[in-house]
Amino acid sequence: MDHKHGSSMASNSSGSDRQRVAQQRLRIIAGHLQRPVDVDSTIRAAECKAQGTETHVEEKTVPKRRQEIMKWNGWGYSDTKFLFNKKGQAEFTGKRYKLSGMIIPALKEWMEGTFGTNMQHKSPATPILTSGAVQPPTLNEAFVEELTSTGIPFSLDAEDRVFRAHGHCLHEIFALREGKVGRVPDLVVWPNCHNDVVKIVELACKHGVCLIPYGGGTSVSSGLECPPEETRSIVSLDTSQMNRILWIDEKNLTAHMEAGIVGQDLERLLNESGYCTGHEPDSMEFSSLGGWVATRASGMKKNIYGNIEDLVVHVRMVTPQGVIEKSCQGPRMSIGPDIHHFILGSEGTLGVVTEVTMKIRPVPEYQKYGSVVFPSFEQGVACLREVAKQRCAPASIRLMDNEQFKFGHALKPQVSSMFTSFLDGLKTFYITKFKGFEPNSLCVATLLFEGGREKVLQHEKQVYDIAAKFGGLAAGEDNGQRGYMLTFVIAYLRDLGMDYYVIGESFETSVPWDRVLDICRNVKARITRECKDKGVQFAPLSSCRVTQTYDAGACVYFYFAFNYRGLSDPVHVYDEVEHAAREEILANGGSLSHHHGVGKLRKEWMREAVSNVGMGMLKSVKDYVDPNNIFGNRNLL
Amino acid sequence: MASGAVYSHRDPMLKKRDDFEDILEERRNSSDLRYALRCYTPLFYKGVAPCKPSMLKSMVLQSDQLHYVINQVSKETGRETGVVQDEASAILEEMAHTLQLSTVRFFAFTLSKVFKSLFRSICVNEEGIQRLQQAIREHPVVLLPSHRSYMDFLLMSYLLYTYDLTLPVIAAGMDFMGMKFVGEMLRMSGAFFIRRSFGGDKLYWAVFSEYVKTMLKNGFAPVEFFLEGTRSRTSKSLTPKLGLLNIAMDPFLKGQVFDVNVVPVSISYERILEETLYARELLGIPKPKESTSGLFKARKVLSEDYGSIHVYFGQPVSVRSLAEGRVDRCQFNLVPRHIPSRADEDIHSFVNDSAYKLVRAQEENMVLKPWVLLASLLLQNQAAGQKQGVALDELTAQAVWLRDLSRQYGAFLHWPDQMSPSEVVSSSLSLHRGLVRICEGKVQLAVEQEGAPVGPGEPRSTVTPEEKLLSQAVIVLSCASYRNQALHVFLRPALLASAIHAASSNQKQEVFNGFSFLRNMFSNEFILCPGATVQDFEEACYLLVKTGALQVTEQEVLVTEGGHRTLAFLISMLDPFLQGYQVVCRFLCEEATESLTEKQFIPAVRKFIIKHLLAGRLRHAEVLSSDLQKNSLAAFLRLGAVQRIKGVDQGTLKVNTVMVNSLEDTLGGKLPTQKAVAARL
């Protein structure tokens with residue numbers, strides 16, 4: 001699953017827009033403000049004794065009862081989805097996104113052409129969860145009793161528990177759509193601050209309860225799945241209410257936050273003070289700071305701001321052995337192996353990240369999108385490699401292959417005027433007829449520049465000059481912006497696909513430059529071959545893009561979806577194909593994961609990925625920190 | 001395209017094979033000129049247009065791989081990179097093909113004429129062509145024809161041209177280059193030339209491997225080479241040479257292409273053009289160096305009838321499926337791929353196993369003619385000492401029996417069922433009348449011919465006994481080359497039959513030990529897939545049980561009443577080889593001196609054998625074959641019974657007499673196999 005990127009992020013194309021953008025953001029937030037009514041008697045309001053005030057309470061994006069604003073069996077907000085309206089046209093509902101409320105005329109034809117779907121053949125989801133589907137909670141009475149006495153709010157409600165039993169892997173969502181629920185947490189607890197977490201962990205250790213930390217719930221590694229073999233009571237520790245910015249230090253350009261804050265709130269609140277972190281994973285609407293740390297997240301604009309490991313200055317984590325943190329906030333230290341690296345990527349197996357100090361930057365003066373069309377994917381990759389070599393990558397640079405280029409076109413909203421449509425036609429004519437680009441092999445790179453206005457323009461020229469050397473043609477800001485929009489709507493689109501017998505997902509890897517083309521070709525071919533071998537009736541969508549550049553390599557995303565009509569066990573087929581694709585990635589020199597993490601989905605390859613000794617090191621840390629496996633989600637190891 | 005399709009052990013009767021079409025038929029009915037000039041529009045790999053030879057050369061010279069090696073060589077030798085670069089470029093000039101359609105059209109015209117006069121028909125399985133066409137479109141393709149004649153590669157290009165397929169580029173030995181004009185003609189029809197040996201020459205290897213890989217990676221054209229390395233003079237498949245296959249698999253193993261498809265092609269000749277030439281060569285009568293004039297002398301060949309050719313394009317084998325679960329491709333992740341590296345043990349064994357499988361696939365699709373069965377029977381009769389030959393109807397009856405047996409063993413036998421058996425037999429005999437003599441209704445090999453009709457005017461002394469023996473041996477070896485075509489069908493059952501024959505009891509374990517010993521002993525002689533002893537044993541048991549010759553229980557192996565005939569036939573099939581290896585043992589023990597070099601080995605052992613043959617101590621003139629002698633030496637070296645001493649004299653042979661003795665005894669059934677096996681350890 002793709003990580004989604006901020007709702008309003010897609011529209012702030014220039015500095016002068018910032019005011020408008022902030023307004024829009026506030027509007028969106030206002031939409032989230034309906035605070036849940038405390039219907040559940042077990043939820044108790046309790047004031048946290050930690051620092052900070054209650055003034056921000058109204059601005060919480062994520063309520064305890066997430067299901068009130070989000071889908072319980074699909075991606076994102078309940079009010080936002082793709083559907084085919086009565087006229088048979090695709091439409092994106094809601095008001096939250098730029099595309100919201102628009103008609104997308106080409107989508108139907110693209111789906112029919114790409115997957116062989118048919119509007120008559122629907123595979124709708126089960127609308128509501130039947131209460132019988134959920135196992136009654138297995139409770140540790142002594143734990144519940146002591147927890148109650150602390151006053152920390154918790155819930156035994158089935159909906160609350162089901163919501164925290166999954167991430168967004170295909171098999172997880174598919175099962176929910178069929179109304180099937182496996183092992184779910186027995187209790188959900190909402191600590192309000194670091195000290196609450198300390199108490200909960202102490203109680204869990206004392207009574208032998210299994211804890212699974214829950215942040216934004218956007219995991220795509222089966223990381224949130226409850227191990228079916230777990231016999232202890234499972235408690236989901238939802239950090240969503242620990243969402244305050246505790247302080248901002250303008251001298252050192254750092255900010256200290258509670259780890260439950262989600263990306264969009266963090267950026268919004270910092271923006272109010274004129275700052276940003278610049279960390280924008282595609283999932284930032286929903287994913288949380290603690291989750292980023294625990295999975296080694298990567299942001300779209302890492303070329304300017306860095307990935308999460310570059311941004312973190314200080315981390316506080318509660319473990320069964322106590323609290324781990326460094327004694328100062330020095331910018332770099334030589335004090336043995338960096339203990340942050342035990343925490344970064346620990347995937348909830350060692351403890352709960354409660355507070356983080358991060359670098360911040362002033363909000364950039366100017367932003368500009370851009371795009372370049374290349375005659376072939378090979379030339380596009382060569383261009384990205386050159387850009388990386390000259391270390392002049394824009395805030396974001398992504399190269400989509402031909403299939404995604406076409407997909408992007410299918411997502412163009414209805415044009416408002418004859419003139420725009422005429423211009424589009426002219427552009428297509430220029431590129432394919434005049435410049436001789438082959439429509440079935442050309443591909444597009446999308447760009448995002450950020451910084452001072454002068455510098456951005458200079459930078460832009462430099463990048464376009466390089467692109468020209470590789471046959472690239474500048475293709476305008478709109479194409480670029482739409483490319484980034486694609487990133488967040490694609491997850492909503494999966495739900496639409498699933499209504500029409502199409503299932504799919506994306507996965508990623510990182511790979512040295514000289515293998516980028518080989519891995520793209522081979523993995524795509526492998527997916528197509530495996531689908532054929534496994535009896536998939538229609539050729540699958542097998543597509544990729546290069547989403548990040550580094551000095552020594554790149555991050556590659558693969559998208560894969562197919563029409564499963566005629567298959568008795570589509571999810572199994574899907575899993576097998578994804579497994580084969582991962583084998584192919586590894587055989588071609590790709591990594592097990594660039595930023596999605598290992599979870600339980602990719603655990604089987606951990607040993608070969610880090611060697612026996614490496615595995616032993618990680619195990620021994622786990623054994624010391626958490627000898628009784630209180631943090632028992634069984635990810636990673 | 002699954003790996004399992006390469007060849008399978010289960011019931012060979014069930015093997016499905018395609019039908020043949022005769023391509024000469026159309027040539028006889030329409031203009032050769034129009035055919036040679038017709039529109040040629042093959043479909044290329046993923047629509048890639050073929051690359052001009054000059055462009056290919058510059059791609060090779062500019063590759064990272066070659067640059068790396070050039071710098072390395074320059075550092076090691078102290079020569080400037082420019083000089084080394086020029087050397088590389090010269091190597092490439094010497095090597096590269098200059099394929100041009102006009103030359104191909106010229107060959108299309110002339111070969112049409114030649115083929116029509118030499119052969120009755122050239123039969124091709126068109127379904128195989130269709131599979132090949134699809135493979136060429138989807139993947140880089142490697143063509144692996146069997147190699148029995150000079151004709152092979154011209155024939156292959158001719159066929160691909162005929163069927164409008166992308167013309168292959170062909171790895172040819174440098175010896176062709178000796179024929180000046182012809183060499184260049186061949187180059188222009190797609191041959192590229194490689195030196196026979198360039199062991200330590202890093203630069204040569206780099207240029208060569210990069211040249212082949214560039215063609216494959218980009219899918220410019222199918223790459224064709226001979227797995228057996230050289231023409232088989234005996235019609236037995238030769239154990240595969242791995243160099244080129246290694247190179248051809250490398251782009252897949254290193255992820256540079258999604259897959260490579262390897263297509264084994266079996267070319268079987270009813271009569272081999274080089275028939276007696278090969279026999280003479282095996283007997284040490286030196287072969288003329290390839291020369292253009294020599295080729296023209298071969299013109300007299302044109303007036304003869306060489307029967308038909310069958311070309312079977314096998315199932316394309318996906319290298320990816322072969323490697324599935326065998327090779328961990330991650331091993332290439334830690335070193336840049338343009339740096340040449342020694343193949344690891346597991347890659348080596350993977351390529352080796354694949355090569356054997358592919359040669360087996362060639363064998364399996366070789367069409368056998370009835371004459372092959374007759375040759376087997378006549379040789380056996382001759383060795384059994386039937387001086388008078390065998391009655392024609394008796395031979396026919398034997399042939400029918402053998403026909404049925406070989407079919408049950410899965411042979412790809414083309415026996416014209418619409419003709420009566422006696423017609424089949426007599427037409428086969430007449431095509432090969434140079435090798436057989438029919439006298440008073442009795443058939444025998446034409447071995448006595450040379451000696452008998454000595455006219456009264458000629459002095460008897462002109463023919464020494466040795467010359468007489470050699471001229472007989474020419475006939476025997478020619479004949480054996482036809483029998484050898486069927487060897488792969490009978491080999492596994494024959495090894496089992498011989499093991500049963502040698503065993504002192506019916507114990508399955510003992511028989512298995514014997515089987516395993518023989519299989520090991522003969523693994524340079526025949527195509528026996530490494531590590532497949534148990535499989536081969538089971539296959540042999542299965543076939544013999546199926547045909548009612550054997551009963552196999554948990555513990556025992558029992559020959560049935562009716563099985564003796566089959567077993568006797570099978571044992572006789574293997575007998576010349578057993579005797580050959582024994583006599584080489586004898587030689588090594590009795591005559592090998594301290595200073596015997598590898599070079600002297602063949603002449604010395606030949607002298608020894610001639611002596612014994614003349615003395616009547618050996619049954620099979622076949623043991624004079626230098627091929628058999630070389631293979632046996634290779635086996636003894638492999639088993640450590642003989643060692644190569646690298647001293648002043650290159651390759652002196654040191655014989656472990658105790659071990660050789662024990663091997664000889666075991667081969668002769670005088671020792672239980674366990675002991676010989678132990679001796680090896």
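Order of the sequence lines fixes the chain letters, A, B, ..., with proteins taken first and strands second; residue numbering starts at 1 for each chain.
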When rounded to the nearest 0.5 angstrom, what distance separates NZ in B:Lys217 from CG in A:Asp518?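 Answer for the NZ-CG pair, B:Lys217 versus A:Asp518, is 8.5 Å.
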From B:Gln256 CD over to A:Leu517 CG, what is the distance, rounded to the nearest 0.5 angstrom?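 So the CD of B:Gln256 and the CG of A:Leu517 are separated by 11.5 Å.
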Are there over 12 heavy-atom neighbours, none belonging to A:His341, within less than 6.0 Å of that residue's NE2?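 Counting other residues, nucleotides and ligands, NE2 of A:His341 exceeds 12 neighbours.
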Any donor-acceptor pair under 3.5 Å linking the side chain of A:Arg515 with the backbone of B:Gly255?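 Flag not set: sc A:Arg515 to bb B:Gly255 has no pair under 3.5 Å.
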Which atom names give the shortest non-hydrogen contact between A:Arg521 and B:Phe258, and what distance separates them?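 A:Arg521 and B:Phe258 have their closest heavy atoms at NE-N, 4.1 Å.
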Residue pair B:His338, A:Asp514: steps toward the side chain to side chain contact (heavy atoms under 4.5 Å, CB included) verdict: CA-CA 10 Å; B:His338 65 269; A:Asp514 72 316; 5.9 Å; no
Measuring heavy-atom distances to chain A, does B:Val257 have an atom under 4.5 Å in its side chain, in its backbone, in both, or in neither?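 Interface part for B:Val257: backbone (N, CA, C, O).
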Who in residues 580-591 of chain A is close to chain B, using a strict under-4.5 Å heavy-atom cut-off?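 Expected list: A:Glu584, A:Leu586, A:Ala587, A:Asn588, A:Gly589.
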